[in-house]
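Each remark here refers to the structure printed beneath this line.
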Amino acid sequence: PTTKQTNIDTVLAPIKNLISLFEAIIGASGIFIVLYNIPSLATAIQNGDHAAAWPAVKGIIGGVLMASVSTVLLILGI
C-alpha cells in the first residue's frame, strides 16, 4: 500500500477497534435480554396471560437483533 493509505489505516484503526467494542457490548446485552425474557414468556404462557406474553416476545426479538448487531449492520451496509 501507499504511504497515504497506510496513514489512513493508522488513523482509522482505533476507530474500528472502538466500533468493534460497541458491537460486542451491544451483542452481550442482547444475549442478557433474551435470557431475561425467555422465563417471562414461559411464565406468561404457563399462566395463560397473553397480555404479558407479547412484551416477552418483543423482548426476545429485540434481544436477538441486538445479539446479531454486527450481522444486521453488515446487511444494512453500514
Side-chain angles (χ1 to χ4, degrees):
T2 64
T3 306
K4 184 177 182 180
Q5 184 63 36
T6 305
N7 290 339
I8 291 171
D9 291 340
T10 304
V11 171
L12 291 179
I15 295 171
K16 289 180 181 180
N17 288 338
L18 187 62
I19 290 171
S20 297
L21 175 67
F22 283 139
E23 287 177 353
I25 291 171
I26 292 171
S29 300
I31 292 170
F32 288 122
I33 289 172
V34 169
L35 292 176
Y36 174 78
N37 283 299
I38 288 174
S40 299
L41 178 63
T43 303
I45 290 173
Q46 186 177 21
N47 293 336
D49 187 4
H50 299 290
W54 282 113
V57 169
K58 291 178 192 176
I60 291 171
I61 293 171
V64 168
L65 285 175
M66 287 177 67
S68 60
V69 68
S70 60
T71 306
V72 172
L73 291 177
L74 182 66
I75 291 171
L76 294 175
I78 297 174

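Residues L18, F22, I25 make up the rest of the hydrophobic cluster containing L21, defined by ILVMFWY side-chain heavy atoms closer than 4.5 Å, directly or through other members.
Distance check, rounded to the nearest 0.5 Å: CD1 of I15 to OG of S20 gives 12.0 Å. The NZ atom of K58 sits 15.0 Å away from atom CD1 of I33, with the distance rounded to the nearest 0.5 Å.
Cluster annotation: L73 is connected to L65 through the hydrophobic network of ILVMFWY side chains, with a link wherever side-chain heavy atoms come within less than 4.5 Å. Residue L41 is grouped with residue I38 when hydrophobic side chains (ILVMFWY) are merged at heavy-atom distances under 4.5 angstrom, including chains of intermediate members. By the rule that hydrophobic residues join a cluster once side-chain heavy atoms approach within less than 4.5 Å of another member, V64 and I61 end up as members of one cluster. Both I45 and V57 are part of a single hydrophobic cluster, where members link through side-chain heavy atoms under 4.5 Å apart. Residues I19 and I8 share a hydrophobic cluster, clusters being chains of Ile/Leu/Val/Met/Phe/Trp/Tyr side chains in contact below 4.5 Å.
The minimum heavy-atom distance between V69 and E23, with the atom names listed, is CG1-O, 3.6 Å. Between M66 and G30, the closest heavy-atom pair is CB-CA, 3.6 Å.
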